[in-house]
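All remarks here apply to the structure that follows.
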Amino acid sequence: MNTECPECGAAVAFDEAPMAGEIIECEECGVELEVTAVNPLAIAVAPEVEEDWGE
Amino acid sequence: MKIALLHSRIRMEEKLLVKAIENSGVEFDLIDMRQVHFDLENPDPWRQYDVIMERCVSHSQAMAALQIFNMWGIPTVNNYDVGMICGDKIHTSLALMMAGVPTPSVRVATSQDMALEAIGEMGYPAVLKPATGSWGRLLARVDDENSAEAIIEHKMTLGSYQHSIIYAQEYIDKPQRDIRTFVVGDECICGIMRESEHWITNTARGGKASNCPVTPELAKISVDAAQAVGGGVLAIDVMETPEGGLTVNEVNYTMEFKNSIAPTGVDIPAKMIEYVISVGESNK
């Protein structure tokens, strides 16, 4: 499954079937991307880390 | 038996948990917290779940959901009270202290003068931490009053309102490492050593993980800490003191574990899901 990085336009490929909500890093520009839908596949720049995020 | 896994962003941990649920054969739904809304007068759509596992990366979103589910009587892992305690370092310290679990001294103040007086009494160095926060962010080791004064002024001036509550923790002069243990129910299932040349040893900050054998002493302090905050599926951050003892630094209620499976050889997500299923079964 392939798509394009919305930040730099580089090809983004998935080895396994992606999951909605999954975070990946663009290998070209390094931006964090979030899979927003899988059918059809859509990705967007992931939200910035918020202050209350963590474990 | 039906489980819901409530999430926001899908980290490696959530993918591993999904695989573990699939391997268990239990029916489940993945629910993105950002894609749902709650009618507080109508819990029926959620009653199809025997247990809900909460894995949101946002503490405040997690608390909103857990509050609703638990008020409706729907069991969650972890539950709201545990999240409240672990998500607030003041609350965590109090829970550990009241349960008699070794933990560093803490002073809390709401003004610069009182914070400096409190840290001065406790002694330098000290560690200033946001009461809410994770991944080792915005921690400040202050070695003297000048640096404490500067950091506190910056927090008071530039930080959000939460930063006006000054949480100052005794600095533990630990080796270049700390310990993270994983507690599931009443068992400490494994532990890792996190080594770093930096005094902040979180793996999120580059600390390197290796297996840490779970000694009876380490198992006891870990399980005691987990029970002090209410129990469940928890990661305990433990430090070694210069005197040779152990002290509990923090307890994490939505633990990350991807870097800990290989060094420990323990299938952490499988153990977590076993526990979640047991909570769901006890609800039937």
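To find a chain, count down the sequence lines: A is the first, B the second, and so on, and within it residues start at 1.
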* **Residues which pass side-chain contact (heavy atoms from CB on, under 4.5 Å) with B:Ala168, listed by chain and number, not counting sequence neighbours** => B:Ile119, B:Met122, B:Leu128

* Structure fact -> If you tally heavy-atom pairs under 4.5 Å between each of A:Ala20, A:Gly21, A:Ala46 and chain B, the highest tally belongs to A:Gly21

What are the sub-3.5 Å donor-acceptor pairs between chain A and chain B, distances to 0.1 Å?
residue	atom	partner	partner atom	Å
A:Gly21	O	B:Ile10	N	2.5
A:Glu22	OE2	B:Lys15	NZ	2.7
A:Ile23	N	B:Ile10	O	3.4
A:Glu32	OE1	B:Arg9	NH1	3.4
A:Glu32	OE1	B:Arg9	NH2	3.3
A:Glu34	OE1	B:Arg34	NH1	3.2
A:Glu34	OE2	B:Arg34	NH1	2.8
A:Glu34	OE2	B:Arg34	NH2	2.5
A:Pro47	O	B:Arg9	NH2	3.4
A:Glu50	O	B:Arg137	NH1	3.0
A:Glu51	O	B:Arg137	NH2	3.4
A:Glu51	OE2	B:Ser160	OG	3.3
A:Glu51	OE2	B:His163	NE2	2.6
A:Asp52	O	B:His59	N	3.0
A:Asp52	OD2	B:Ser58	OG	2.8
A:Asp52	OD2	B:His59	N	3.3
A:Asp52	OD2	B:Ser60	N	2.8
A:Asp52	OD2	B:Ser60	OG	2.3
A:Trp53	O	B:Arg137	NH2	2.3
A:Gly54	N	B:Val57	O	3.0
A:Glu55	N	B:Ser134	OG	3.0
A:Glu55	O	B:Tyr253	N	3.3
A:Glu55	O	B:Thr254	N	3.0
A:Glu55	OE1	B:Arg180	NH1	2.8
A:Glu55	OE1	B:Glu256	N	2.8
A:Glu55	OE2	B:Arg180	NH1	3.2
A:Glu55	OE2	B:Arg180	NH2	3.0

* Listed by chain and number, what are the side-chain contact (heavy atoms from CB on, under 4.5 Å) partners of A:Ala10, not counting sequence neighbours? -> A:Cys8, A:Cys26, A:Glu28

* Asked: How would you list, by chain and number, every residue that makes a side-chain contact (heavy atoms from CB on, under 4.5 Å) with B:Ala226, sequence neighbours excluded?
  -> B:Val183, B:Leu234, B:Ile236

